[in-house]
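All ligand and atom numbering here is 1-based and tracks the order in the structure.
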Amino acid sequence: MKLSLFFVLPVLGQQFNNPVLWQDLADLDVLRVNNTYYYSASTMHYSPGAPVLRSYDLVNWEFIGHSVPVLDWSPKYDLSGGNAYVKGIWASFLGYRPRSDLFYWGGCIEFAKTHIYTAPAATGPWTRRSTIDSCYYDAGLLVDDDDRMYVAYGNTNISVAQMSPDGLRQVRTQVVFRSPKNVGTIEGSRFYKYKGSYYIFVTKPPDAQYVLKAASPFGPYTMKVLVNRIPSPVAGSGAPHQGGLVTTPSGAWYYMAFIDAYPGGRVPVLAPVSWGADGFPTVQAPGSRWAASYPYPGPPRAVKSSLGVETFEAPTLGPDWEWNHNPDVSKFALGNGLVLRTATRTLDLYAARNTLTRRIVGPQSSATIELDFEGMRDGDRAGLALLRDSSAWIGVQKDGGEVRVVVVHGIEMDDKWRTAKMGSEVEAVPIQGGTVWLRLAADIRPGAGRAGIFSYSTDGRSWHTLGRPFVMKTAWQFFMGYRFAVFNFATKVLGGEVTVRRFELNMP
Ligand SMILES: *[C@@H]1O[C@H](CO)[C@@H](O)[C@H](O)[C@H]1NC(C)=O
Ligand SMILES: *[C@@H]1O[C@H](CO)[C@@H](O)[C@H](O)[C@H]1NC(C)=O
């Protein structure tokens with residue numbers, strides 16, 4: 001009884017802890033519709049793209065869908081004739097238009113065109129409605145009180161576009177603000193209206209947020225700093241920046257920003273905001289620090305956790321899952337475990353199609369799969385990877401009739417995201433039978449030296465560590481953080497398959 005009381009107390013105190021959601025969900029856009037909050041994030045080369053999360057208290061979030069069902073802008077998003085690593089979905093907008101009861105998502109792909117998708121509900125179905133022949137780089141949407149729609153976007157020179165009444169085409173655009181020399185690069189626009197004034201929130205990467213304020217959407221804007229190199233509530237991470245503003249049903253305001261927290265990626269932190277007499281917001285940061293905890297914005301309400309067991313009984317994948325690039329849909333099946341038929345013949349994990357990923361939950365979590373490998377062909381490799389631009393895996397490898405559990409380290413990309421090294425065996429053991437359990441435990445607390453530890457089991461109960469710990473890279477340039485990734489590829493001939501009977505994501 002004493003023990004359970006101890007664990008219940010923080011909830012009774014109604015304090016929440018930062019980060020509110022320890023998963024890689026950068027470039028966030030956050031909004032409230034009625035009593036529900038929604039959250040969108042960048043996903044680059046992962047498919048489906050732009051996840052939508054839902055919350056009823058701004059603290060507890062669940063995945064409910066994706067705004068971009070398939071990355072169909074070029075064959076390289078299928079890993080065909082090249083790859084799209086670090087391309088695809090960058091900072092985009094998620095918005096809601098009350099007059100038509102429609103959700104809007106818009107984003108610029110590869111600095112070229114902007115695609116706009118809509119959905120009758122945040123859960124979807126999402127469909128592409130238009131393509132604009134210019135780039136709304138780092139776009140933020142404002143649906144004004146009079147139903148007019150505007151998009152703020154750009155880098156350093158910030159523009160505002162006014163959209164057609166359906167929100168799908170550009171009517172006019174102009175530069176509304178040029179960043180002063182002493183501030184320099186600004187981007188990541190989010191667009192709001194409060195008490196008749198227009199606000200564009202912009203980040204100065206990687207550690208500051210500024211607010212632009214004007215009486216009209218097209219300016220002229222005046223600028224004020226919101227946060228600048230404010231210490232993070234998470235030891236070892238960068239400063240909170242690049243976020244958005246959201247209001248609760250009772251009229252309180254919050255700023256949600258992200259922190260650079262590699263190797264895990266970029267994760268959101270939340271803090272209350274108050275409005276000054278000058279009409280600019282201020283983040284409540286006692287002692288000029290972003291606090292580790294604040295009072296709950298409203299009554300806490302639990303939602304579906306990302307943790308737990310998946311047995312792939314449904315005919316479609318849940319919204320917590322994303323593929324590395326678009327999958328070949330003819331090469332996997334669901335309903336009775338996840339059947340992965342080899343989709344690519346390659347020696348290169350980064351070139352293999354149909355690698356299925358999950359975000360690592362921080363500060364530490366593990367992924368475990370039960371893998372039926374009876375259908376593997378000679379030369380096949382299937383297992384569980386710690387996936388980023390410097391990767392490693394544990395898997396089953398079949399070569400010339402010999403089946404082994406193998407740990408491979410040192411799979412590397414170069415700075416143009418081309419494969420530089422395909423990795424080498426660190427340790428291996430022979431294996432019999434047709435089923436193996438593979439586990440990958442990852443520590444993604446920000447900082448150098450964090451590792452992933454691989455282990456296997458032949459009965460699902462007793463575990464054996466295989467290979468030395470794999471130390472994860474913390475450079476930010478790949479943007480996306482490390483993920484758990486389930487893969488199956490052929491090195492000799494297609495036609496083999498494995499079945500993932502069970503996937504479990506757990507905190508230690
Ligand atoms: C919000 O509430 C209004 C009024 O009840 C309703 O018409 C609308 O569908 C709701 N929107 C969403 C997305 O829940
Ligand atoms: C901003 O606009 C000015 C004037 O047109 C131009 O000289 C400058 O290169 C632009 N800066 C960026 C970052 O686009």
Nearest-contact summary for atom 9 (O) of ligand 1 - protein heavy atom, Å: Asp101 OD2, 3.2 Å
Under 4.0 Å to a heavy atom of Asn34 - the qualifying atoms of ligand 1, by number: 1 (C), 2 (O), 3 (C), 8 (C), 10 (C), 11 (N), 12 (C), 14 (O)
Aromatic ring proximity, centroids under 6.0 angstrom, Trp253 and Tyr192: no
Phe103: numbered ligand 1 atoms lying under 4.0 Å from its heavy atoms: 13 (C)
Sub-4.0 Å protein heavy atom near atom 14 (O) of ligand 2: yes
Donor-acceptor pair between Asn354 and Asp328 side chains, under 3.5 angstrom: no
Salt bridge flag under 4.0 Å for residues Arg128 and Asp72: yes
Residues which pass ring-ring contact (aromatic ring centres under 6.0 Å, His included) with Tyr117, listed by chain and number, not counting sequence neighbours: Trp105
Within-cutoff protein neighbour (heavy atom, under 4.0 Å) for atom 4 (C) of ligand 1: no
Polar atom proximity, Asn155 to ligand 2 (N or O, under 3.5 Å): no
Residues Asp27, Arg266: salt bridge by 4.0 Å N-O rule: yes
Under-4.0 Å salt bridge between Asp24 and Arg483: no
Residue Val33 vicinity, atoms of ligand 1 by number, heavy atom under 4.0 Å: 11 (N), 12 (C), 13 (C)
Atom 11 (N) of ligand 2: any protein heavy atom closer than 4.0 Å: yes
Salt-bridge criterion met for Asp278 and Lys213 (N-O under 4.0 Å): no
Closest approach of any protein heavy atom to atom 2 (O) of ligand 2, naming residue and atom: Asn157 ND2, 2.3 Å
Check: Tyr96 N/O within less than 3.5 Å of ligand 1 N/O: yes
Any non-hydrogen protein atom less than 4.0 Å away from atom 7 (O) of ligand 1: no
Tyr255: partners by ring-ring contact (aromatic ring centres under 6.0 Å, His included), with sequence neighbours left out: Trp290
